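What follows is a set of notes on a single structure, which appears directly below.
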Amino acid sequence: MLPKIVSMDEWQAAIEQQIAREKALTRARDDLSAERRRLPMVRIDKDYSFEGPTGTLSLADLFDGRRQLIVYHFMFAPGWKAGCDGCSWVVDAMTHPAHLNARDTSIVLISRGPLEKLQKYQARMQWQHPVWYSSMASDFNHDMGATVADPDDPTRTSERHGVSVFLRDGDDIYRTYFNGARGVEYLGSMWTYLDLTPYGRQETWEVSPAGWPQTEPYVWNRRHDEYGTEPAF
């Protein structure tokens, strides 16, 4: 069954009503993002190690010199032959990290599987970014709720996907946000990832705490190979 066929005037009226509802949803999401920027946070005092392309790194190293870090908890247990198909959808849609980097934000993938398996699967999927790290040698996945023990058999575990956000203030690291399940479905664009962070999009129209870094919208963004230069039009 196809939708109802109407005149151009009827179609335009229906579209205007629909857009009004969608604009209301956009404003409601803006309000949620403003509340997210005011969430409390928890200090990360435990040391974690991660294996990546350049060797063993700490959680602080994953920030790559930036103040914010987004971690996508990719489901890939040590014994698996391939990564989660749903997580693969999420990574397929990820934006070029240069745009996040320009807003003082890094993004990485972390899984419990061994680095060799992660890199083999990454090559199969032809992903150039983000950088993928193994947390196999630490309790990171367990502590972040990405690996969960079976309550009836603690020796058995299951993997959970999700996204965590961290803020670095000097040598101190804080976890500011987490969401999983269908909470990751709308991710994929640079805007939606920045909306998860404490600083947000860092644009003057946002309702953010006093002192948060902000610039005018549409003046800072560049093509991903043009940051540090004037944009070409």
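Everything numeric in this text was worked out from a predicted model, so none of it was measured.
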For the residue pair [X] and [Y], what are the closest heavy atoms and their distance?
X	Y	value
Trp80	Lys117	O-NZ, 2.9 Å
Arg124	Ala82	NH1-CB, 4.0 Å
Gly145	Arg160	O-CB, 3.6 Å
Tyr121	Ser88	OH-OG, 2.7 Å
Thr157	Arg112	OG1-NH2, 3.4 Å
Thr147	His142	CG2-CE1, 3.4 Å

Hey, are [Y] and [X] close enough side-chain-wise for a donor-acceptor pair under 3.5 Å?
X	Y	answer
Ser58	Asp61	yes
Trp205	Asp30	no
Glu51	Ser134	no
Glu203	Trp220	yes
Arg66	Ser106	yes

Is it true that [X] and [Y] have a side-chain N and a carboxylate O under 4.0 angstrom from each other?
X	Y	answer
Arg37	Glu206	yes
Asp195	Arg29	no
Arg182	Glu185	yes

Take a 6.0 Å sphere around [atom1] of [X] and say whether it holds more than 12 heavy atoms from other residues, nucleotides or ligands.
X	atom1	answer
Leu25	CG	yes
Lys120	NZ	no
Trp89	CH2	no
Arg156	CZ	no
Glu22	CD	yes

Parallel, tilted or perpendicular, as decided by the 30° and 60° cut-offs, for the rings of Phe74 and Trp132: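 It falls in the tilted class, 30° to 60°.
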For the residue pair [X] and [Y], establish whether any side-chain heavy-atom pair is separated by less than 4.5 Å.
X	Y	value
Arg103	Thr215	yes
Gln214	Ser208	yes
Ser138	Ser49	yes
Gln119	Leu115	yes
Met75	His161	yes
Arg67	Asp169	yes
Ile70	Thr197	yes
Leu187	Leu196	yes

Under a 4.5 Å side-chain heavy-atom rule over Ile, Leu, Val, Met, Phe, Trp and Tyr, are [X] and [Y] clustered together?
X	Y	result
Trp212	Met41	yes
Tyr186	Val184	yes
Met125	Leu109	yes
Tyr199	Ile107	no
Ile15	Ile5	no

Residues Glu159, Asn141; criterion side-chain contact (heavy atoms from CB on, under 4.5 Å); working and verdict: CA-CA 9 Å; Glu159 304 300 301; Asn141 265 47; 3.6 Å; yes
Step-by-step side-chain contact (heavy atoms from CB on, under 4.5 Å) determination, Tyr72 to Cys87: CA-CA 9 Å; Tyr72 183 76; Cys87 293; 3.3 Å; yes
Sidechain-backbone polar pair: Glu10 side chain, Ser7 backbone, donor-acceptor under 3.5 Å: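 Answer holds: yes.
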Rounded distance [0.5 Å steps], [atom1] in [X] versus [atom2] in [Y]:
X	Y	atom1	atom2	answer
Ser189	Met94	OG	CE	11.5 Å
Ser164	Asp143	OG	CG	11.0 Å
Met190	Asn101	CE	CG	11.0 Å
Leu167	Gln68	CG	CD	6.0 Å
Thr95	His224	OG1	NE2	9.5 Å
Asp139	Asp47	CG	CG	11.5 Å

Face-on cation placement of Arg36 at Tyr177 ring, 6.0 Å and 45° thresholds: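 Yes, Arg36 lies over the aromatic ring of Tyr177.
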Pair His96-Gln128, side-chain contact (heavy atoms from CB on, under 4.5 Å): steps then yes or no: CA-CA 9 Å; His96 195 289; Gln128 301 301 312; over 6 Å; no
All salt bridge (charged side-chain N to carboxylate O under 4.0 Å, His left out) counterparts of Asp172, not counting sequence neighbours: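 Residues passing salt bridge (charged side-chain N to carboxylate O under 4.0 Å, His left out) with Asp172: Arg43.
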Check against side-chain contact (heavy atoms from CB on, under 4.5 Å), Val165 and Arg175: CA-CA 6 Å; Val165 180; Arg175 193 184 192 193; over 6 Å; no
Connected-component partners of Val131 among ILVMFWY, side-chain separation under 4.5 Å: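 Hydrophobic cluster check, Val131: joined to Ile44, Tyr48, Phe50, Leu57, Leu59, Leu62, Phe63, Leu69, Val71, Val108, Ile110, Tyr133, Phe140, Met144, Phe166, Ile173.
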Ring-ring centroid check Tyr193 His99, cutoff 6.0 Å: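 No; His99 has its ring centre 6.0 Å or more from that of Tyr193.
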